[in-house]
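Reminder, nothing fancy here: chain letters follow the sequence lines and each chain counts from 1.
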Protein chains: 2
Amino acid sequence: MTALPDMIHNLITKDEQSLAARIFDDIAKMSPDSAGVSRPAYSAKETEVLCYLEDLGISEGLSVTYDAGQNAVFSLPEDAAAEKFVLVGSHVDSVPMGGNYDGLAGVAAGLICLIRARRSGQSFARPVKVIAMRGEESAWFGPCYIASKALMGSLGKAEWGSLHKDDGRTLQAHMDTIGVDMERVCKGIPLLEADRVLEYIELHIEQGPLLIGKNMSMAIISGIRGNFRHKKIRCIGEAGHSGAVPRAYRKDPVLAMADLLTRLDESWLTILQKGGDMVMTSGIVATDPEKNAMTRIPDEVSFSLDIRSQDAGVLENMRVLLREEIDQVARERRVRFELASENATAPALMDTRVVKGLTGAMERLGLEPFVMASGGGHDAAVFANAGVPTAMVFVRNQNGSHNPDEAMEIDDFLVATSVIYEHLTDLPL
Amino acid sequence: MTALPDMIHNLITKDEQSLAARIFDDIAKMSPDSAGVSRPAYSAKETEVLCYLEDLGISEGLSVTYDAGQNAVFSLPEDAAAEKFVLVGSHVDSVPMGGNYDGLAGVAAGLICLIRARRSGQSFARPVKVIAMRGEESAWFGPCYIASKALMGSLGKAEWGSLHKDDGRTLQAHMDTIGVDMERVCKGIPLLEADRVLEYIELHIEQGPLLIGKNMSMAIISGIRGNFRHKKIRCIGEAGHSGAVPRAYRKDPVLAMADLLTRLDESWLTILQKGGDMVMTSGIVATDPEKNAMTRIPDEVSFSLDIRSQDAGVLENMRVLLREEIDQVARERRVRFELASENATAPALMDTRVVKGLTGAMERLGLEPFVMASGGGHDAAVFANAGVPTAMVFVRNQNGSHNPDEAMEIDDFLVATSVIYEHLTDLPL
């Protein structure tokens, strides 16, 4: 743990340390898997977690209700009827054998803000509601950000019609069973009017190593990277004897793939050097195990490609560049590339005013403001794209997310929670 | 089929076309597999093929004997007792589901030379023996060039101790059953003294596309490429979220592999531009299918590497370069490479005098002499490395070798056979 400025230390109380630890421990114990935790989207297990949080909220004197999406909504009693409010929260579901903090930390942060205000008798500058949302993870049905899309009226038919990975029932049926107002969801009618939400703020563990590398507890997010992806790019050449085919006669798909990836990697570096935001990954690479051999020029290799940026312009430039480089490599090396249809998600820019509010809160608490991009997608992107002024707070975390080794330290979490609290109690700009 | 010079056309008779077609057809019919042919090394099927050739030789008035390696040896009756002789031949075994021409074509070429001389009453400039050797393919026991190594006294214990892929009996047991003099083989005593062989000449189908590309029937071989190989090079990096880990924090093994292969490819091109001989292949590439995902930076990728040259100096330079490039890529990209132990075979240079004799024969027959390297290994390498003046003749062939689609045209085969015949009947230089 980094040495924190004294001001922050004063904000971390033993009481809140135990409260946060208790919330995380109790919920982890409720949702064990063979490794890590499992909290399936729109499951009875998820409902059980919301009931636990409801009990906690009531015991702390908070108002607790369920919205039309069957998400739990918490507030100070005086804010329960507010027409417009700042919304803080995240999701409580997890991937199978996942970590305990992805999603849950954002809900816990909101609750601790409410509890801190309630216990201390402080009030917020504007009404605050905290939301514990249901299904966000794509692991169960395929689509992601289910609860937030249902709230904003953007859950499409392809999404609610998708099937559960285990029981084969539709997402619609699962949501209906839980009590979600599926008539409105299926018609695309928002369960929550976007203009009622003054700001949406979501705390999340960082899924990369940047904050560890920089030795910082937390950061404010400037945007959520969009992406375009090809699950499988086939590079097709011509098989041949590894010893008997001279270079000029080869159509070697592996060297063609290496050439293409190296060209893209060089462009990536150039974009970063110019200050652009981008990441690029080829996570799956394979020649055909049925046919490949050390002494055979393979006829084909396939590979995936995932390119992300918070800047739509960078994505578009890379999309064009990919086609250009593919054409050139194909021509020079006499191979052919076949691209499965592209999947793309638009980047979501965070609201500069909310980002400024949160970095201002960091400064007031003696922290050096640090702003970074989010690589993974989050419910925040849905709110942002629905027009809600949105921002995110990342907490330092070891070992990425979606695995049992997620390792967020409670003190880092409380620092980030205090920044949100500071922002909520500050007057709006 | 290319238009051939008239002189060559005069040398291709309908009789020899039918004779060659009959030999190939009869033997293919004797050794069918579910696809192509199978003639296991040191099997009863192989013996059956030798008996067929023995009968053919006898019916054409040739002398036929079996040597101590149980290979069939043919000659004109007047050359049967020759102390020293030019040896022409190849092997009769095949890989499983192999093609009919790999090996057999070299034996048939020698026999047709003998039959042409016998039928026409011509004599050779020096005594000529034709050898139909047994096991050459590594597909059955692991080691290759078995019969020629046994002849030259270089079949080692690791080789004769190796086990048959199907029945698990040792190569030694199989050779013993066939009647090979295993006492001498196991002691490393040559079954044929190298200095009795004035020249060794082997015709073989080309296993690459060069002669098809150049529209030539045949070529003389300048050398058999040696190689060094790594069956599996592991490049080990660090797994991470494809969207959340910035470039500077990545240890991406796929981009590191692409970088390494691209560097080696550039060096390959430079070597060729300087007139050097080399081929390079990465035939097997794979991330771990258990763990890889489009949205995960893989922790590891593995790939094979097979680098060949007929020049031992080029191989040594590439060996050093590989280590240097690996060190540099590992340092720059913070990954680690693990190389399984290297397998290496030394190149075998053909004898310039014999090569000159054969290119001279091409010229006298009106063919433009063309000399190239052999990418695959052959029995000829064993004779050459035992000090026998050796050369090879390649015949144009579609679709490579070791597969049922080998496609040599009989006329190309007879052109190449005629070149050998012209050399055999010419006075030695």
Pick from B:I307, B:L210, B:D259, B:N227: which one has the most heavy-atom pairs with chain A under 4.5 Å? B:L210
Per side-chain contact (heavy atoms from CB on, under 4.5 Å), B:S242 is matched among A:M280, A:Q207, A:R229, A:R308 by A:R308
Under the salt bridge (Lys or Arg N to Asp or Glu O under 4.0 Å) test, which residues partner B:K291, sequence neighbours left out? B:D299
Per-residue tally against chain B (heavy atom, under 4.5 Å) across A:R250, A:E206, A:K232 peaks at A:R250
Residues of residues 371-381 of chain B with a heavy atom under 4.5 Å from any heavy atom of chain A, in residue-number order, are B:G375, B:G376
As an exercise: rank B:D252, B:L305, B:T262 by heavy-atom pairs under 4.5 Å with chain A and give me the winner. B:T262
In the structure I gave you, are the side-chain heavy atoms of B:M257 and A:M257 within less than 4.5 Å of one another anywhere? yes
Test applied, side-chain contact (heavy atoms from CB on, under 4.5 Å); reference residue, B:I284; option that passes from A:V301, A:T287, A:T295: A:T287
Counting only non-hydrogen atoms closer than 4.5 Å, does A:L261 touch chain B with its backbone (N, CA, C, O), its side chain (CB onward), both, or neither? both
Polar contact flag, side-chain donor to acceptor under 3.5 angstrom, A:T281-B:R296: no
For chain A, the option from B:A239, B:A293, B:A286, B:G400 that forms the most heavy-atom pairs under 4.5 Å: B:A293
salt_bridge(B:R333, A:D265) N-O dist < 4.0 Å: yes
Most heavy-atom pairs under 4.5 Å with chain B, out of A:G208, A:P253, A:G283, belong to A:G283
With heavy-atom distances below 4.5 Å as the criterion, would you say the side chains of A:S282 and B:P298 are in contact? no
Heavy-atom closest pair (B:S304 atom, A:M294 atom, distance to 0.1 Å) is OG-CA, 3.9 Å
Would you say A:Y249 and B:K214 make side-chain contact, with heavy atoms under 4.5 Å? yes
To the nearest 0.5 Å, what is the distance between CZ (B:F303) and CG (A:N292)? 14.0 Å
Okay, B:I297 and chain A: the region with an atom under 4.5 Å from a heavy atom over there is both
Heavy-atom distance under 4.5 Å to chain B: side chain of A:E238, backbone, both or neither? neither
Would you say the side chain of B:P209 lies within less than 4.5 Å of the side chain of A:P246, judging by non-hydrogen atoms? yes
Apply side-chain hydrogen bond (donor to acceptor under 3.5 Å, both in side chains) to B:S94 and list each qualifying residue two or more places apart in sequence or on a separate chain. none
Side chain from CB out, backbone as N, CA, C, O: work out which of these in A:H230 comes under 4.5 Å of a heavy atom of chain B, or both, or neither. backbone
Residues of residues 270-279 of chain B within contact distance of chain A, non-hydrogen under 4.5 Å: B:L272, B:V279
